[in-house]
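All values below were derived from every heavy atom in this structure, side-chain atoms included, with hydrogens, water molecules and symmetry-related copies excluded.
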Amino acid sequence: MSSLEVKGLSKAFGGVKAIDDFSFEVDDHNIVGIIGPNGAGKTTVFNLLTGVYPLDAGQVFLDGKELTGMPQHAITRAGIARTFQNIRLFRGLNVLQNVMTAADPYSDYNLLDVCFFTPRKRRRERAVRDLSRNYLKIVGLEGYEKERPESLPYGLQRKLELARALATKPRVLLLDEPAAGLNPSEVRALIDLVRTIHGQFQFSIIIIEHRLEVVMELSSKIFVLNFGKLLASGTPAEIVCHKAVTEAYLGEEETECSA
């Protein structure tokens, strides 16, 4: 069963086709990767899926429900969450508050509760705070609740952005270059963390990543983009041995491929 189905995704900027008729599916509870050279259109795909850019053509379905044309907040509430290649955290808020902002829209209090700070509002706020602390614990940020995001090391800022995405209760999680700027030991820890989160929450994950060890280890299927078009798709082993991929992206060095 496919949790995410994308048909004929297309987007042009001026006369340049950034994404050209890209279709793919992500089966329920799977991890897939999207790779390709710089400028291949990978982040544009995420921007189209999350409503940052309007589609020129195509359709997006999540669990059979069409999301095409919906605003960003509605897409998030429908079940698609993301992180960004360039970290985007709320600098005016502390670590805990950053996560609470993502969880708060799912609370059931109303404007009257807010104005009079009713018992229901207080209960919901405590519940959101506890839930947010749990997400921080999951990503390894327990004890950092009162810190400012900008004071955290880069690797921890990445984890905070992940915790905030988890707080939206996604059905599909989009990770845009999650290993960018991380050292080798942090990359290893990221791979383990993504595996842990995937096992715990059982949602689908799509990873855009230049660090090939990340997508090769985590993904059951990989889609390769080149100049906005699908160049190839398959298992990690199939992609490594795909001639067009090695020429366009991996380089022409020899790879060990099974017969």
Side-chain angles (χ1 to χ4, degrees), residues 2-4 6 24-36 42-43 45-47 49-50 62 75-76 79-89 95 98-99 102-103 131-142 144 149 152-225 233-240 249:
S2 298
S3 59
L4 181 69
V6 179
F24 68 99
E25 295 182 4
V26 181
D27 292 337
D28 206 15
H29 303 159
N30 273 13
I31 301 178
V32 305
I34 299 178
I35 65 173
K42 303 181 297 296
T43 294
V45 170
F46 277 13
N47 287 336
L49 294 180
T50 55
L62 180 63
I75 292 173
T76 300
I80 297 182
R82 71 174 295 182
T83 64
F84 292 86
Q85 182 176 354
N86 299 312
I87 298 173
R88 299 183 184 182
L89 299 170
V95 166
N98 261 267
V99 182
L131 185 65
S132 300
R133 283 180 172 140
N134 182 57
Y135 289 127
L136 289 174
K137 182 178 180 180
I138 288 170
V139 302
L141 287 178
E142 189 177 20
Y144 289 90
L152 297 178
Y154 189 81
L156 296 187
Q157 291 185 36
R158 285 277 177 198
K159 289 184 175 182
L160 175 55
E161 194 177 38
L162 181 54
R164 191 176 61 183
L166 292 177
T168 67
K169 301 179 180 179
R171 288 280 295 113
V172 179
L173 176 62
L174 313 181
L175 302 178
D176 191 353
E177 299 278 3
L182 303 185
N183 62 42
S185 64
E186 289 173 329
V187 171
R188 182 71 258 164
L190 170 71
I191 292 171
D192 293 340
L193 177 58
V194 172
R195 275 206 185 101
T196 298
I197 288 171
H198 181 249
Q200 180 171 348
F201 292 98
Q202 293 293 301
F203 45 45
S204 303
I205 299 176
I206 307 176
I207 303 175
I208 291 173
E209 187 52 68
H210 281 292
R211 307 283 278 269
L212 289 183
E213 66 267 35
V214 176
V215 288
M216 292 297 173
E217 279 203 46
L218 289 171
S219 305
S220 60
K221 188 172 185 178
I222 296 174
F223 300 92
V224 185
L225 282 176
S233 64
T235 66
E238 290 169 341
I239 292 302
V240 166
Y249 181 59

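Between Val139 and Leu166 the shortest side-chain heavy-atom distance falls below 4.5 Å. Taking 4.5 Å as the limit, some side-chain heavy atom of Leu193 sits within range of a side-chain heavy atom of Leu162. Contact of the Lys221 side chain with the Asn30 side chain is not registered, since no non-hydrogen atoms from C-beta on lie closer than 4.5 Å. At a threshold of 4.5 Å between non-hydrogen side-chain atoms, the residues Leu136 and Tyr144 do not count as touching. Under the 4.5 Å side-chain criterion, counting only non-hydrogen atoms from C-beta, Glu161 is not in contact with Asn98. Side chains of Arg164 and Leu89 form a contact here, defined as non-hydrogen atoms less than 4.5 Å apart. Using a 4.5 Å cut-off on side-chain heavy atoms (C-beta onward), Arg188 and Glu217 make contact. Residues Leu218 and Ile205 form no side-chain contact, since every pair of their non-hydrogen atoms from C-beta on lies 4.5 Å or further apart.
Arg158 places no side-chain N or O within donor-acceptor distance of the main-chain N or O of Gly181, the cut-off being under 3.5 Å. The closest donor-acceptor contact from the side chain of Thr50 to the backbone of Ala81 lies at 3.5 Å or more, if one exists at all. Counting only distance, with no hydrogens or angles, the side chain of Lys42 and the backbone of Ile34 share no donor-acceptor pair below 3.5 Å. Listed for the Glu209 side chain is no donor-acceptor partner under 3.5 Å among the backbone atoms of Gly33.
More than 12 heavy atoms of other residues, nucleotides or ligands lie within 6.0 Å of CZ in Phe201, so this atom counts as buried by the packing criterion. The environment of Arg88 atom CZ is sparse: at most 12 non-hydrogen atoms of other residues, nucleotides or ligands sit within 6.0 angstrom.
Atom CG in Asp28 sits 4.5 Å away from atom CZ in Arg171 (nearest 0.5 Å). Interatomic distance, His198 NE2 to His29 NE2, rounded to the nearest 0.5 Å: 7.5 Å. Expressed to the nearest 0.5 Å, how far CD1 of Ile208 lies from CD of Gln85 amounts to 8.0 Å. The distance from the CG atom of Asn86 to the OG1 atom of Thr83 is 11.0 Å, given to the nearest 0.5 Å. A distance of 7.0 Å separates CG of Leu175 from CZ of Phe46, quoted to the nearest 0.5 Å. From Leu174, atom CG reaches atom OG1 of Thr43 across 10.5 Å, with rounding to the nearest 0.5 Å.
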From CA spacing to verdict: side chain to side chain contact (heavy atoms under 4.5 Å, CB included), Gln200, Ile197: CA-CA 5 Å; Gln200 180 171 348; Ile197 288 171; 5.8 Å; no
Derivation and outcome, side chain to side chain contact (heavy atoms under 4.5 Å, CB included), residues Val26 and Val172: CA-CA 9 Å; Val26 181; Val172 179; 5.7 Å; no
Side chain to side chain contact (heavy atoms under 4.5 Å, CB included) between Ile206 and Phe223, intermediate numbers included: CA-CA 10 Å; Ile206 307 176; Phe223 300 92; over 6 Å; no
Candidate pair Leu4 and Ile80, rule side chain to side chain contact (heavy atoms under 4.5 Å, CB included), full reasoning: CA-CA 9 Å; Leu4 181 69; Ile80 297 182; 4.1 Å; yes
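With 3.5 Å as the limit, one finds a donor-acceptor pair spanning the side chains of Ser3 and Ser204.
Looking at every heavy atom in both residues, Leu131 comes nearest to Ala103 through CD2-CB, 4.5 Å. Here the shortest heavy-atom pairing between Gly155 and Leu182 reads CA-CD2, 3.7 Å. Between Glu213 and Val187, the closest heavy-atom pair is OE2-CG1, 3.8 Å.
Relative to the ring axis of Phe84, Arg82 places its NZ or CZ within 45° and under 6.0 Å from the centre.
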